Amino acid sequence: MPELVFFSGTMDCGKSTLALQIGHNRSARGLQGVIFTRDDRAGEGKLSSRLGLVTDAVEAAPGVDLYGYLVEQMSHGAKVDYVIMDEAQFLAPEQIDQLARIVDDLGLDVFAFGITTDFRTKLFPGSQRLIELADRVETLQVEAMCWCGARATHNARTLAGEMVVEGEQVVVGDVTGSAAEVGYEVLCRRHHRRRMTSATARAGALSPDVLPVASA
Ligand SMILES: Nc1ncnc2c1ncn2[C@@H]1O[C@H](COP(=O)(O)OP(=O)(O)O)[C@@H](O)[C@H]1O
Ligand SMILES: Cc1cn([C@H]2C[C@H](O)[C@@H](COP(=O)(O)O)O2)c(=O)[nH]c1=O
């Protein structure tokens, strides 16, 4: 049975790498896929992994009918065996419905990859719809880690190393950005709630306030 599968996790947990691996293994067996992405850090029409691999992809821009695109391709003779959708959190809910229709009406597997929640711990609309519609939701096996060593479960947005909790839901960025610009850091829930990034934890550890006071 074809399936809509949502591979979900925090930023930097290997989602795009897995998307590329799934595509590679299938193409090595002669299967042909359509690879969609949206707002990848590497630029329009690219699916990139932090391991350095990158492939061309179809940009699933706002308003693009993903089901219609597939029907158009197939009616012009394209062979399509499966579909990959990276950065699926950025899609509109109706585009997720189109992915479900690709599974049900065209009989293709659809593998969607994305983060579930934003920097305020709120669901992205695309991820919410995936959770509602997917046949399976898979959490990635390689866990990203908080600076404290616990499993990272949440995404923080940072500005100069400090966590921010207000702003636009979508700001494309990375976990390795320069401190001056908007960046991201994955944290465990405890440190997300306390707004403690690695930079603020380091600063706290160095602060005289937390040094043991010598007894007189
Ligand atoms: N230099 C490196 N050596 C080994 N693994 C790396 C290296 N850089 C990144 N990675 C791995 O790549 C993962 C990020 O992969 P990526 O597919 O870009 O993540 P995602 O799409 O989930 O944001 C990291 O969690 C880490 O496991
Ligand atoms: C938490 C959060 C993230 N984003 C952006 C930042 C990146 O461009 C992508 C996630 O990509 P990854 O391959 O999973 O690292 O999403 C955002 O726009 N808003 C957020 O709240």
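Not measured: the values here are computed from a predicted model. Just so you know, ligand 1 is whichever comes first in the structure, and atom 1 is the first atom listed for that ligand.
Numbered from 1 in the order shown, with element, the atoms of ligand 1 that lie under 4.0 Å from a heavy atom of Thr17 read 15 (O), 16 (P), 17 (O).
Taking the six-membered ring for Trp and thresholds of 30 and 60 degrees, Tyr82 and Phe111 have ring planes inclined between 30 and 60 degrees apart.
An N or O contact shorter than 3.5 Å links Arg50 to ligand 2 by distance. On a distance-only criterion, Ser16 and ligand 2 share no N/O pair closer than 3.5 Å. For Val171, a nitrogen or oxygen atom sits less than 3.5 Å from a nitrogen or oxygen atom of ligand 2, counting backbone and side chain alike. At under 3.5 Å, not a single nitrogen or oxygen of Asp118, backbone or side chain, sits near a nitrogen or oxygen of ligand 2. In terms of polar-atom proximity, defined here as any N/O pair under 3.5 Å, Gly14 does make such a contact with ligand 1. The shortest N/O to N/O separation between Cys13 and ligand 1 falls below 3.5 Å. At a 3.5 angstrom cut-off on N or O pairs, Gly173 counts as close to ligand 2. Checked by distance only, ligand 1 and Arg41 stay at 3.5 Å or farther apart across all their nitrogen or oxygen atoms. In terms of N/O distances under 3.5 Å, ligand 2 is approached by Gln169.
Residues Leu130 and Val103 share a hydrophobic cluster, clusters being chains of Ile/Leu/Val/Met/Phe/Trp/Tyr side chains in contact below 4.5 Å.
When heavy-atom distances to ligand 2 are checked against a 4.0 Å cut-off, Arg38 has no atom that comes that close, whether in backbone or side chain.
Proximity annotation for atom 24 (C) of ligand 1: of Val142, Asp12, Thr10, Asp12 comes nearest, heavy atoms only.
Within a 4.0 Å radius of atom 14 (C) of ligand 1, the protein contributes at least one heavy atom. Proximity of atom 1 (N) of ligand 1 to the protein is not indicated, since no non-hydrogen protein atom lies closer than 4.0 angstrom.
In summary, the side chains of Gln128 and Glu132 do present a donor paired with an acceptor at a separation below 3.5 Å, with no hydrogens or angles considered.
For atom 12 (O) of ligand 1, the closest non-hydrogen atom of the protein is Leu51 CG, 4.0 Å.
Residue contacts with ligand 2 leave out Glu168, since none of its heavy atoms falls under 4.0 Å from the ligand.
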